[in-house]
Student: 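Pasting in a structure now, in structure tokens, and then I'll have a few things to ask.
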Amino acid sequence: MIQMTKPAVYTPDADEPAGYDPAAIEEKWRARWEARGTNVTDLQNGARPFYALMMFPYPSAEGLHVGNLFAFTGNDIYGRFQRLQGHTVFEPFGYDAFGIHSENYAIKVGVHPAELIPRNIENFRRQVHRAGLMVDWTHELSTTDPEYYRWTQWVFLQLHRRGLAYKKKAAVNWCPFDKTVLANEQVVGGACERCGTLVEQRFLAQWFFRITEYAGRLLDNLDTLDWSESTKAAQRNWIGRSEGAELVFPVLDADGRSTRAVTVFTTRPDTIFGATYLVLAPEHPLVEEVTPERSRAAVQAYVADAAKQDLVARKTTKSKSGVFTGAYATNPATGRPVPIWIADYVLMEYGTGAIMAVPAHDERDHEFARAYDLPIVQVVGPTDGTVTIDEAAYTGTEGARLVNSGRFTGMGVAEAKHAIVAELSVANAAKPVVNYRLHDWCISRQRYWGPPIPIVYCDDCGTVPVPESQLPVLLPSIDDFRPDDSGVSPLARHDEWYHTPCPQCGKRGRRETDVSDTFLDSAWYFLRYPSSSRDDVAFDRSITEKWLPVHSYIGGNEHAVLHLLYSRFVTMVLHDAGLIGFEEPFTRFRAHGLIVREGAKMSKSKGNVVNPDQYIDQWGADAFRTYLMFLGPFEEGGDFRDKGISGVKRFLDRLWRSVHDAERGGASDRDVQRKLHQTIKKVGDDVARLSYNTAIAAMMEYMNTMRAGERTPQLDEVRPLVQLVSPFAPHIAEELWEVMGGTTSVFDAGWPAFDASLVMDDRITMAVQVNGKTRGTISVPTGAAQDDALAAVMADPALAKFVTGAPKRVIFVPGRLINIIV
RNA sequence: GCGAGAGUGGCGAAACUGGCAGACGCACCAGACUUAGGAUCUGGCACCGAAAGGUAUAGGGGUUCAAGUCCCCUCUCUCGCACCA
């Protein structure tokens, strides 16, 4: 459908805005950077290495999104700034080009992804070039390159060797639209993260990574990382540590003896005296064993019903249902029998798949008990006053004490937790346990467009990893790459690929036909960049340890739990394998904000997506970059308003004219000097903490001072400003640097020198308050004492009139304010 | 429900450790230069008020000489997680 919409770019009707012509100089400088190798990093010899990494993009057919460019520019400014501070900066770029997203698009347009992706990459490369990023293109990589995914497969083998990759048949999330399994992290609100289709439950044999084994370390290390707090919080949340205990409830057999037991996990062992029934997940293996004949039919019906439900309904339906198994267990604390129920609100995948229900002190159990008329026994209550537990559960713990709990009655909750577990553990009926919400990472995908998992199945040898020397297992070029409903990858349909000699015995074996999750590709790419030219190792150890861990990583918070958690995990495993000397990949991470347009989220369907090409055509890359950074705080994003860019362009025009108009050899104005050095300080401080919007504002302020009243600036006043602007607007800065006689790149000229002594003025303006109310200002000599300031106030009738009596007290903040209390 | 963040002019936003609220920019208004300009430059621009002055940072309390900033309560919005025992 063709829509006639307003042009996406704000276009003044005037033929040409006065000012410099970005098109001419930007092309010139990109060519010169390339010719001079300005942006190529000497990885071997570089002193003071600084790895400025940005999350690499998925090269979509639509081209570079302004959100990508916002992130890249923010990283580029930081990288360029570090270079000006004397670091050797490495700013690589690549493409995360495998995956369902690419494949679905390829299917939609009917072009093979192997054809499509290179085209998209070429377009991305062109657009990123235009933006003037300080990228070292000699280390460009794409995850779809066999020379890359060869090492992705190698990473898989490292995990496999360490027993961290395993195959199991499990209930998995199946997307009926994408026709593949999804990781838990890729299911959002019960729907596929990519296409929004409701996810179904399937039982399939899948490859998993044992990330749960690292849960504790992944959690604990967060405290040592200089990351955005919101990102760390998201990871903590996702890992979901909870401290509690496993308690054992012996099952009462028909003859009154106990040969089996139900083990439950609880965070509230203190409430065990109020456990009036047990609940097993419908899939729990004990269900079959404990259910007596007379209730078997009802139980089986319920189990079958629960199995039919997809995971979505299971997780979103909050109303409680369940069925009594007919069996009883013994509460180890009270010695009394409690009925064993099954209910789908208990999940097999968390804890032990069984709970002790304490309806008096758990909202879900309370709801269930009321629905099925089970006893509710209060065992905890507030110290001050009483509560009724008829209407709702009492879940408070602060200042609460146990009641109806035998010899534990009267204890505080925290104390009782320990005491009860300690006592029960004597009889092996309890042990302290830490549980994590995190699940193992399912990496199998029954799709085409990914790296084949390097495994061969042999009737004699079993599951055999492909030897490293035989990598890569090439993804064959096939025409029928569409997935089907079978749960088996399209690769299985290709006999010549599927059958291969067993690497161990040489007999006819079968290849694993699943490919690995895209998130595995991106979980180690930062290790590959510095070693991208090596074809004998995934990464060179010495160069890796010179350049990593990454000094600064910038990307979107949408990857807070996926990519960032997986990357940390893979790095930890490689560390444990003795392959690298660090276990955390990113020393510092900052999440950038989101760009909206005129207050609304950008989307293709609304037709309000900013196309960077159009704006760069119109205003130049420098103005576009600077404007993106001026919109708002980098870590919070901003509102792209089409007309706003003109203010930034005006600033660059004034900079251009200032250089060309500047006088040489004249004396600089004292006030301008002072403002200059204040600005050098402020811009440096602001850029260091990614406060780009205020850095730009400070430079504009300086411009206003320097050119106040159509003043002609001195060259010495303008030159440092060109240096300050350079990370934001690199092309114009280079051009003006050359105009002013620079012979090297402005990025090799360093940061302008800051002179603290020039910042001080002889006189200073102080705020005057009387009784805490601001009444005006006074001008006093710098370093004036309280008495001088007070005298100055009294000398000013407009201020003195507020001082209606003898000052009772005077608060004097040197250099800032004087507050007179009368 | 849990976790994180936010609420300031017409708009995007500043105010980093409590110390002149609204820097900088957009839009708007006026003026200069101009044949003209949507270019450039100068000035104005939170609200009430003629002024003096008063009132303002979602709302309500509090701490302090002083609160957008700290504490308590309430409301609203955004994002993440969510039957996780």
Side-chain angles (χ1 to χ4, degrees), chain A residues 12-19 188-189 228-234 236-238 240 242 244 264-268 271 279 314-320 343-347 349-358 362-365 367-368 395 435-439 557-558 560-561 594 598-599 627 630-633 635-636 638-648 650-651 653-654 657 685-686 689 691 693-701 703-704 707-710 765-777 798 801 808-811 813 815-821:
Chain A
D13 296 325
D15 319 310
E16 272 306 317
V188 176
S228 301
E229 264 320 304
S230 59
T231 311
K232 290 207 267 188
R236 283 195 193 99
N237 223 333
W238 191 262
S242 67
V264 303
F265 174 74
T266 179
T267 55
R268 294 292 305 275
T271 61
V279 188
R314 178 79 178 269
K315 289 199 170 181
T316 49
T317 311
K318 305 266 172 165
S319 63
K320 301 285 176 291
D344 63 3
Y345 81 92
V346 174
L347 308 173
E349 68 219 49
Y350 185 76
T352 62
I355 61 158
M356 65 173 198
V358 185
D362 181 280
E363 285 165 14
R364 295 150 303 180
D365 297 344
E367 190 189 336
F368 191 80
T395 55
N435 244 312
Y436 295 96
R437 214 193 62 113
L438 186 69
H439 290 85
N557 226 358
E558 69 272 19
V561 286
L594 237 59
E598 311 282 352
Y627 180 53
F630 187 57
L631 293 177
E635 291 175 71
E636 284 165 40
D639 189 358
F640 193 99
R641 294 169 66 255
D642 292 3
K643 289 185 172 180
I645 194 170
S646 60
V648 167
R650 225 179 330 255
F651 168 71
D653 285 337
R654 291 178 91 190
R657 283 197 305 273
D685 290 350
D686 284 358
R689 60 187 177 97
S691 186
N693 55 333
T694 55
I696 295 165
M699 292 187 281
M700 288 173 165
E701 262 188 81
M703 174 72 79
N704 291 341
R707 307 236 49 180
E710 299 194 66
T765 303
M766 290 184 74
V768 177
Q769 295 183 344
V770 180
N771 292 334
K773 255 189 172 346
T774 302
R775 293 299 181 179
T777 59
K801 72 176 181 190
K808 257 194 291 198
R809 189 181 160 195
V810 175
I811 288 109
V813 184
R816 281 206 174 268
L817 65 62
I818 179 165
N819 187 4
I820 302 159
I821 316 300

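Proteins come first, then strands; the chains are lettered A, B, ... in the order of their sequence lines, and each starts at number 1.
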Student: Would you say Met699(A) and Phe651(A) make side-chain contact, with heavy atoms under 4.5 Å?
Tutor: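 They are in contact (side-chain heavy atoms under 4.5 Å apart), so the answer is yes.
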Student: So which protein N/O to nucleotides 3-12 of chain B N/O distances come out below 3.5 Å?
Tutor:
unit_1	atom_1	unit_2	atom_2	d
C11(B)	O2'	Arg641(A)	NE	3.3
G12(B)	O2'	Leu631(A)	O	2.7

Student: Could you tell me how far apart Met766(A) (CE) and A66(B) (P) are, to the nearest whole angstrom?
Tutor: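 Computing the Met766(A):CE to A66(B):P distance gives 18 Å.
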Student: If anything within 90° of 0 is syn and all else is anti, what is G9(B)?
Tutor: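 Nucleotide G9(B) adopts syn.
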Student: With rounding to the nearest 0.5 Å, note down the distance linking CZ in Arg236(A) to CZ in Arg437(A).
Tutor: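 Interatomic distance, Arg236(A) CZ to Arg437(A) CZ, rounded to 0.5 Å: 15.0 Å.
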Student: Please state the C1' separation for the pair U42(B) and A50(B) - nearest whole angstrom.
Tutor: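 Rounded to whole Å, the distance is 27 Å.
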Student: Is there a side-chain polar atom (N or O) of Ser646(A) under 4.0 Å from OP1 or OP2 of G25(B)?
Tutor: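 So the side-chain polar atoms of Ser646(A) never come under 4.0 Å of the phosphate oxygens OP1 or OP2 of G25(B).
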Student: Where the side chain of Lys643(A) is defined as all heavy atoms beyond and including C-beta, which of C20(B), C26(B), A85(B) is the nearest nucleotide?
Tutor: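 Nucleotide nearest to Lys643(A)'s side chain: C26(B).
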Student: Whole Å only: how far is the CG atom of Asn819(A) from the P atom of C65(B)?
Tutor: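 Those two atoms, CG and P, are 10 Å apart.
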Student: In whole Å, what separates the P atom of A13(B) from that of A67(B)?
Tutor: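 To the nearest whole Å, 27 Å.
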Student: Write out the stems for RNA chain B, ordered by first number and formatted as range with range, counting runs of at least 3 consecutive Watson-Crick or G-U wobble pairs under 3.5 Å.
Tutor: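 As far as RNA chain B goes, consecutive pairing (with distances under 3.5 Å) yields the stems B:1-7 with B:75-81, B:10-12 with B:24-26, B:28-32 with B:40-44, B:46-48 with B:53-55, B:58-62 with B:70-74.
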Student: Quick one: which of C20(B), A15(B), G25(B) gets closest to the side chain of Thr777(A)?
Tutor: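 When the side chain of Thr777(A) is considered, C20(B) is the closest of C20(B), A15(B), G25(B).
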Student: Give me the distance, rounded to whole Å, that separates G12(B) from A23(B) when you measure between the C1' atoms they each carry.
Tutor: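 That atom pair is separated by 14 Å.
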Student: Please evaluate residues Ile355(A) and Tyr350(A) with respect to the criterion side-chain contact (heavy atoms from CB on, under 4.5 Å), reporting the C-alpha separation (whole Å), side-chain torsions for both, the decisive distance (0.1 Å), and the verdict.
Tutor: CA-CA 10 Å; Ile355(A) 61 158; Tyr350(A) 185 76; over 6 Å; no
Student: Describe the nucleic acid contact of Ser242(A) in one word from base, sugar-phosphate, nothing, applying a heavy-atom distance below 4.0 Å.
Tutor: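 Since only primed, P, OP1 and OP2 atoms lie under 4.0 Å of Ser242(A), the category is sugar-phosphate.
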Student: Let me know the distance between CD1 of Ile696(A) and P of C26(B), rounded to the nearest Å.
Tutor: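 So the two atoms are 13 Å apart, to the nearest Å.
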Student: Between Ser691(A) and Thr352(A), who's closer to the 5' end of RNA chain B by nearest nucleotide?
Tutor: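 Whichever sits nearer the 5' end wins; that is Ser691(A).
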Student: Encode nucleotides 48-57 of chain B as B, S and - characters from 5' to 3', where the letter depends on protein heavy atoms closer than 4.0 Å: B to the base, S only to sugar-phosphate, - to neither.
Tutor: ----SSSS--
Student: Quick one: list whatever passes side chain to side chain contact (heavy atoms under 4.5 Å, CB included) with Glu636(A), sequence neighbours left out.
Tutor: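 Glu636(A) satisfies side chain to side chain contact (heavy atoms under 4.5 Å, CB included) with Pro633(A) once adjacent residues are dropped.
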Student: Please tell me which of the listed nucleotides, A23(B), G19(B), A85(B), lies nearest to the side chain of Glu701(A)?
Tutor: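 It is A23(B).
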Student: Below 3.5 Å between N/O atoms, which protein atoms pair up with nucleotides 41-43 of chain B? Just atom names and distances, please.
Tutor:
unit_1	atom_1	unit_2	atom_2	d
C41(B)	OP1	Arg654(A)	NE	3.2
C41(B)	O2'	Glu710(A)	OE2	2.7
U42(B)	OP1	Gly709(A)	N	3.4

Student: What's the shortest heavy-atom distance between Asp365(A) and Asp362(A), and which atoms?
Tutor: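 Nearest heavy atoms, Asp365(A) then Asp362(A): N-OD1, 3.0 Å.
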Student: Can you figure out which of C24(B), C20(B), A82(B) approaches the side chain of Thr765(A) most closely?
Tutor: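 For Thr765(A), the side-chain atoms sit closest to C20(B).
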Student: Considering all heavy atoms of both residues, which atom of Thr231(A) and which atom of Ala560(A) are nearest to each other, and what is their separation?
Tutor: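 In this case the closest contact between Thr231(A) and Ala560(A) is CG2-CB, 3.8 Å.
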Student: Say we look at U69(B) and U57(B): how far apart would their C1' atoms be, to the nearest angstrom?
Tutor: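 Taking atom C1' in both U69(B) and U57(B), they lie 10 Å apart.
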Student: So for atom CZ, which belongs to Arg689(A), do other residues, nucleotides or ligands contribute more than 12 heavy atoms lying within a distance under 6.0 Å?
Tutor: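 Yes, the 6.0 Å shell around CZ holds more than 12 heavy atoms from other groups.
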Student: Within this structure, what is the CG-to-P distance between Asp685(A) and A14(B), rounded to whole angstrom?
Tutor: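 Rounded to the whole Å, the gap is 17 Å.
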Student: Strictly distance-based, threshold 3.5 Å: is any side-chain N or O of Asn435(A) a donor or acceptor partner for the main-chain N or O of Ser242(A)?
Tutor: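 Not confirmed, Asn435(A) side chain does not pair with Ser242(A) backbone.
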Student: Under 4.5 Å between any side-chain heavy atoms of Asn704(A) and Arg654(A), yes or no?
Tutor: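 Result yes, sub-4.5 Å side-chain heavy-atom pair found.
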Student: How many angstroms lie between CZ in Arg650(A) and CE in Met703(A), if you round to the nearest 0.5 Å?
Tutor: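 It comes to 12.5 Å.
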Student: How long is the line joining CG of Leu438(A) and P of C81(B), in whole Å?
Tutor: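 Rounded to the whole Å, the gap is 14 Å.
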Student: Provide the distance between the two C1' atoms, one in A46(B) and one in C11(B), to the nearest whole Å.
Tutor: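 After rounding to an integer number of Å, I get 13 Å for this pair.
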Student: For residues Gln769(A) and Ile811(A), determine if any side-chain heavy atom of one lies less than 4.5 Å from a side-chain heavy atom of the other.
Tutor: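 The answer is no; the side chains never approach within 4.5 Å.
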Student: Nearest heavy-atom pair of Met766(A) and Ile818(A): which atoms, and what distance?
Tutor: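 Reported closest heavy-atom pair: CE-N, 4.1 Å.
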Student: Both Val648(A) and Arg689(A) contact RNA chain B. Taking the nearest nucleotide for each, which residue is further toward the 5' end?
Tutor: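 The 5'-side residue here is Arg689(A).
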Student: Check the distance between C20(B)'s C1' and Arg816(A)'s CZ and give it to me in whole angstrom.
Tutor: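 In whole Å, C20(B) C1' lies 10 Å from Arg816(A) CZ.
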Student: Using the C1' atom as the point on both nucleotides, what is the distance between C20(B) and C26(B), in whole Å?
Tutor: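 Pairwise C1' distance, C26(B) against C20(B), rounds to 26 Å.
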Student: Can you tell me, in whole Å, how much space there is between the P of A6(B) and that of A56(B)?
Tutor: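 After rounding to an integer number of Å, I get 24 Å for this pair.
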Student: Among the nucleotides A85(B), C26(B), C65(B), which one has an atom lying closest to any side-chain atom of Ile821(A)?
Tutor: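 Nearest to the side chain of Ile821(A) among the choices is C65(B).
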Student: Produce the list of close N/O pairs, under 3.5 Å, pairing protein atoms with atoms of nucleotides 69-71 of chain B; give distances to one decimal.
Tutor:
none

Student: Which atoms form the tightest heavy-atom contact between Leu631(A) and Asp639(A), and what is the distance?
Tutor: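 Looking at all heavy atoms of both residues, the closest pair is CD2-O, 3.2 Å.
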Student: Say you pick atom P in A30(B) and the same atom in C24(B); how far apart are they, in whole Å?
Tutor: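 One P to the other, the span is 22 Å.
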Student: What heavy-atom pair brings Val346(A) and Gly353(A) nearest, and what distance separates the two atoms?
Tutor: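 Heavy atoms only, the tightest pair is CG1-O, 3.5 Å.
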Student: Could you check how far CD of Glu349(A) sits from P of C83(B), rounded to whole Å?
Tutor: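 Going from CD in Glu349(A) over to P in C83(B) covers 9 Å.
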Student: Asn771(A) CG to A67(B) P: how many Å, rounded?
Tutor: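 One finds 12 Å between P of A67(B) and CG of Asn771(A), rounded.
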Student: Which heavy atom of Asn819(A) sits nearest to which heavy atom of Asn771(A), and what is that distance?
Tutor: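 Taking Asn819(A) first and Asn771(A) second, the nearest heavy atoms are OD1-N, 3.6 Å.
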Student: Could you check whether the rings of Tyr627(A) and Phe640(A) sit parallel, tilted or perpendicular, using 30° and 60° as the cut-offs?
Tutor: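 Tyr627(A) and Phe640(A): perpendicular rings.
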Student: By nearest atom, which of the nucleotides C83(B), C81(B), A85(B) is closest to the Lys320(A) side chain?
Tutor: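 Out of C83(B), C81(B), A85(B), the nucleotide with an atom closest to Lys320(A)'s side chain is C83(B).
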Student: Report the C-alpha distance between Ser228(A) and Asn557(A) in whole Å, list the side-chain angles of each, state the deciding distance to 0.1 Å, and finish with yes or no for side chain to side chain donor-acceptor pair (under 3.5 Å).
Tutor: CA-CA 9 Å; Ser228(A) 301; Asn557(A) 226 358; over 6 Å; no
Student: Kindly indicate whether a cation-pi arrangement holds for Lys320(A) with Phe368(A), taking the cut-offs as under 6.0 Å to the six-membered ring centre and within 45° of the axis.
Tutor: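 No - Lys320(A) does not lie over the ring of Phe368(A) by the 6.0 Å and 45° rule.
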Student: When we call it a touch if two heavy atoms are under 4.0 Å apart, what does Asn693(A) touch: a base, just sugar-phosphate, or nothing?
Tutor: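 Sugar-phosphate, no base atom in range.
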Student: Does CD in Glu598(A) sit with more than 12 non-hydrogen atoms of other residues, nucleotides or ligands closer than 6.0 Å?
Tutor: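 Atom CD in Glu598(A) is crowded, with more than 12 foreign heavy atoms closer than 6.0 Å.
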